[in-house]
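Read the structure below first, then the notes.
A, B, ... follow the sequence lines: proteins, then strands. Residue 1 opens every chain. Not measured: the values here are computed from a predicted model.
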Amino acid sequence: MDNDALIQVRGLKKYYNDGAVKAIDGVDIDIRKGEVVVIIGPSGCGKSTFLKSLNLLELPTEGKIIFEGEDINDSKVNVNIHRQKMGMVFQHFNLFPHMTVLGNIMLAPVKLKGISKEEGRKKAMELLRMVHLEDKAEEYPAMLSGGQKQRIAIARALAMDPDVMLFDEPTSALDPEMVGEVLDIMKELAREGMTMIVVTHEMGFAKEVGSRVIFFDSGQIREENSPAEFFAHPKDPRLQEFLSKVLI
Amino acid sequence: MAEWFHSIADAFNRCFIEDNRWKWMLEGLGNTMIITIFALLIGIVLGIIIAAVRSTYDMNGASMKKKGGLSYVLLRIGNFICNLFLTVIRGTPVVVQLMIMYFVILVNVTNGVLVAVIAFGINSGAYVAEIFRSGIMSIDEGQIEAGRSLGFNYIQTMIFIIIPQAVKVVLPTLFNELIVLIKETSVAGYVGVMDLTKAGDKIRGRTFEAFVPLIAVAVVYLIIVIILTRILRIIEKRLRKGERR
């Protein structure tokens, strides 16, 4: 076992309807600190379910998810504490519409970490500068474009100082011209050494910043390789077929 | 025509001025308002509790079942009781509930207004519970996921994220429940409470004038409801403005 591993997944399974549907069918993987793991695969292959089971938003049917040395799928473990260390970014942003941008970012650190509002605001403004949206601090989410919303969502997740960031198709709901601004932020995060697990259809992103690329199909990891090898010499026939269908 | 006006004025005089009978109307109106307001307060408290149990069971039941334990058993029992309560209360007429409360359950309580408050409060609780629950369920599931992913537990997610949004959705419907409730309390006379309707009826009995007092009662209800509807429209407008979608 790798001592460097931040997350170790062992024998992860997620079945629906008493096993009739196998969304995740036996997955083992280690995620090391500082890695950017990109997960690709056809829709409905279980990659989003896999990502959401890492922080138990989807409850696995069985298996272990060892995060920082503790199996968080153990029913005796308080997963809420561990989730504070696992930031998540969603396809549909899921910003809180009843709060300003600043309110969205400050909420969790102030309520969960017990820092003062002033401190929370300072931190939020720093994060807003990082995503180049400091002028939107007092706006409500409804006033923002999709790309802006997603950058705020990233800032909100970062506000808890997570050890890993989970991205669930962060650019899939965006207009094409807004994809770049979100990917730029993610690239910057990767450069700063953030551990990231990214479910995406952005092959360019996978090639450029991925430390490893994983092909998911029928709830299983079909192929796993460095981006260069992965795209140049795919071995799994289904991956070959998949890559031939998507524009790179 | 003049003769008709004259007879109406005469009836009006006998119905409201003579023996200060307008005071009955005032007393009746007072009781109607007291019953309505306190019943709605009880209904809101009861509704929040029931909605909390039911929506927690709907949203968290599966994951809690997996973990098992006492809390799941309690939640399941709670959910069963709530469902039974909703079925019984919504499945029987409020007049019958009121009479059962007055003549059977609270037979030792002589204060009719108090009994009416309790009976209408319980009745309204069942409807308010479903209003709240539908409000909570109308909030996108992604909001819960976002809250939970930040590390909030279920209750914190509800308090900071879901309920503030649900209240906005629910406010117009809740206000509508108030309008319905005011009119429903008109059966309070069945247990001897002198509400607005009963006051009009009492005047009718004394004066043998039916037209004037009953129309007067109807007009008073109508005015209250029109005022409340106006307020409701203002609230709805404000909410729409705040939405900015």
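- Of the atoms belonging to Phe96(A), heavy atoms from both backbone and side chain fall under 4.5 Å from chain B.
- Counting heavy-atom pairs closer than 4.5 Å to chain B, the top-ranked of the candidates Met160(A), His98(A), Gln84(A) is His98(A).
- When the shell of 6.0 Å around CZ of Arg233(B) is examined, it contains 12 or fewer heavy atoms from other residues, nucleotides or ligands.
- In this structure, Lys117(A) places its NZ atom where only 12 or fewer heavy-atom neighbours from other residues, nucleotides or ligands lie under 6.0 Å away.
- Using a 4.5 Å cut-off on side-chain heavy atoms (C-beta onward), Arg148(B) and Leu57(A) make contact.
- Heavy atoms of other residues, nucleotides or ligands lying less than 6.0 angstrom from NZ of Lys47(A) number more than 12.
- Annotation for Glu192(A): atom CD counts as buried by contact number, over 12 foreign heavy atoms lying within 6.0 Å.
- Heavy atoms of Leu166(A) lying under 4.5 Å from chain B are absent altogether.
- Using a 4.5 Å cut-off between heavy atoms, Gln156(B) contacts chain A through its side chain alone, with no backbone atom that close.
- With rounding to the nearest 0.5 Å, the separation of CG in Asn55(A) from CG in Leu150(B) is 10.0 Å.
- Around atom CZ of Phe38(B), no more than 12 heavy atoms belonging to other residues, nucleotides or ligands sit under 6.0 Å away.
- Among all heavy-atom pairs drawn from Gln165(B) and Pro97(A), the shortest one is OE1-CG, 3.2 Å.
- Top candidate by heavy-atom pairs under 4.5 Å with chain B, chosen from His82(A), Lys52(A), Met99(A), Met86(A), is Lys52(A).
- Checked by atom type and distance alone, the side chain of Asn94(A) pairs as donor or acceptor with a backbone atom of Gly142(B) at under 3.5 Å.
- The number of heavy atoms from other shown groups lying within 6.0 Å of OH (Tyr221(B)) is above 12.
- Within 6.0 Å of CG in Asp18(A) there are 12 or fewer heavy atoms belonging to other residues, nucleotides or ligands.
- Summarising the local packing, CD of Glu177(A) is surrounded by more than 12 heavy atoms from other residues, nucleotides or ligands at distances under 6.0 Å.
- Interface remark: of the candidates His92(A), Arg156(A), Gln91(A), Met88(A), Arg156(A) forms the most heavy-atom pairs closer than 4.5 Å to chain B.
- Contacts between Asp140(B) and chain A at a heavy-atom distance below 4.5 Å involve the side chain alone, from C-beta outward.
- To the nearest 0.5 Å, the span separating OG on Ser149(B) from CG on Leu54(A) amounts to 13.0 Å.
- Leu107(A) has its side chain within reach of Phe152(B): a pair of non-hydrogen atoms, C-beta onward, lies under 4.5 Å apart.
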